[in-house]
Amino acid sequence: MRILLLLLFAFPTIAFAQTASSPRYVLVIHGGAGTILKSSMTPEAEAAYHAALKAALAAGETILKNGGNALDAVEAAVRVMEDNPLFNAGKGAVFTNDGRNELDAAIMDGKTLSAGSVAGVTTIKNPITAARAVMEQSPHVMLTGKGAETFAAEKKLEIVAPSYFYTESRWKGLQRLKKEDSLKTTLDHNEKQEAAVLQPGNRDHKYGTVGAVALDLHGNLAAATSTGGMTNKKYGRVGDAPIIGAGTYANNTTCAISCTGWGEYFIRLVMAKSISDMMEYGKMPLSNAANEMIHHKLPQLGGDGGLIAVDKNGNIAMPFNTAGMYRGYVKDGKVVTEIYK
Ligand code: ASP
């Protein structure tokens with residue numbers, strides 16, 4: 001009899017513990033995908049990247065664990081990486097063909113499907129904060145160039161001289177790429193080769209964009225991405241990062257995604273929204289949808305890169321088809337940062 005009573009009391013409790021999912025927060029970040037090889041990295045550089053990723057995670061986690069919202073967390077994490085010259089976003093952004101730093105960024109709120117982005121800006125210290133201001137303080141979604149800069153100044157965001165974004169290593173990167181390109185052009189006049197040379201950047205380079213996605217304790221998702229784009233880009237080229245649905249997307253019914261890689265391919269594949277659609281309409285789990293896009297569709301077109309994602313249940317995906325991707329996450333009290341495959 002005592003055993004029976006015990007079982008009666010115990011079972012509902014057990015059943016409840018198994019089905020009710022307690023609220024949790026998750027934060028995932030990336031610092032870009034690309035040809036990141038252990039053989040070409042010093043232990044010091046490796047340690048610096050891990051420390052930088054941890055600092056960005058800490059900034060976002062402080063907000064999430066205190067019940068803050070996903071939007072604030074992704075913005076905070078991205079700002080830390082924009083301010084760090086190790087990454088191709090904010091200070092440390094890559095150079096355009098004519099020696100400028102033109103920055104793109106986007107943010108999206110999965111709860112309301114509100115979004116904001118800026119493209120081709122040269123004087124806004126933290127483009128991700130400008131993207132958020134576009135979302136929250138304007139009737140628009142995307143502002144570009146001078147207009148975006150005027151808007152940011154009006155909203156009292158921090159404005160800097162274009163020279164603030166300069167770093168010697170990125171400048172050298174541009175010179176190297178220009179030299180390689182002119183060599184390729186003079187050595188081979190085959191039309192296809194020339195077309196490839198005119199692409200912004202090239203396969204052998206690290207992308208270095210930064211991004212963050214989060215699930216907060218209230219069940220809301222958000223995504224943010226910020227980048228200097230691709231080295232040697234021309235003609236006001238804009239990549240996937242500031243294009244909602246391509247490089248950045250969040251929807252509380254599915255997932256939040258931030259991409260890094262050869263932007264032209266991510267735009268053509270409408271990468272982030274495609275994954276969300278595969279989940280919503282095709283009932284696919286996040287990892288299957290993300291793997292299908294990154295490991296099949298992207299290489300089929302000839303593109304490369306990776307992404308980070310978190311779904312509404314806190315599942316994470318971080319697929320990439322390059323040698324490495326700077327990445328990290330905080331989940332269930334565990335902090336993890338990784339670089340290589
Ligand atoms: N996706 C970015 C772009 O094409 C580059 C990157 O990920 O670093 O602008």
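Only heavy atoms go into these numbers, but all of them, side chains included; no hydrogens, no water, no symmetry mates. Order of listing sets the numbers, starting from 1, for every ligand and every atom in it. Quick caveat, the model's predicted, so the values are computed rather than measured.
Less than 4.0 angstrom separates some heavy atom of Thr260 from each of these atoms of ligand 1: 6 (C), 7 (O), 8 (O). Those atoms of ligand 1 that come under 4.0 Å of a heavy atom in Gly239, given as number and element, are 9 (O). Atom numbering of ligand 1 starts at 1 in the shown order; those under 4.0 Å from a heavy atom of Met230 are 4 (O).
Within the structure, the closest approach of Ala241 to ligand 1 does not fall below 4.0 Å when heavy atoms are considered. Note on ligand 1: Gly208 sits in its first shell, one or more heavy atoms being nearer than 4.0 Å.
Asp311 places none of its side-chain heavy atoms less than 4.5 Å from the side chain of Thr254. The shortest distance between side-chain heavy atoms of Ile275 and Leu286 falls below 4.5 Å.
The option with the heavy atom closest to atom 3 (C) of ligand 1, from among Asp240, Thr227, Leu307, is Asp240.
For a threshold of 3.5 Å applied to N or O pairs, the pair formed by Arg237 and ligand 1 contains at least one separation below that value. Considering backbone and side-chain atoms alike, Gly229 places every N or O at 3.5 Å or more from each N or O of ligand 1. Ligand 1 has an N or O atom lying under 3.5 Å from an N or O atom of Gly261, backbone or side chain. Of the N or O atoms in Thr209, one or more lie within a sub-3.5 Å distance of an N or O in ligand 1.
More than 12 heavy atoms of other residues, nucleotides or ligands shown are found within 6.0 angstrom of NZ on Lys341. Heavy-atom neighbours of Lys54 NZ from other residues, nucleotides or ligands within 6.0 Å: above the threshold of 12.
Not one N or O on the side chain of Arg268 forms a donor-acceptor pair closer than 3.5 Å with the backbone of Leu301. Side-chain atoms of Asn288 never come within 3.5 Å of backbone atoms of Met284 as a donor-acceptor pair (strictly under, hydrogens ignored).
Under the 30°/60° scheme for interplanar angles, the aromatic rings of Tyr326 and Tyr49 are found to lie parallel.
Contacts with ligand 1 closer than 4.0 Å are made by no heavy atom of Lys233, backbone or side chain.
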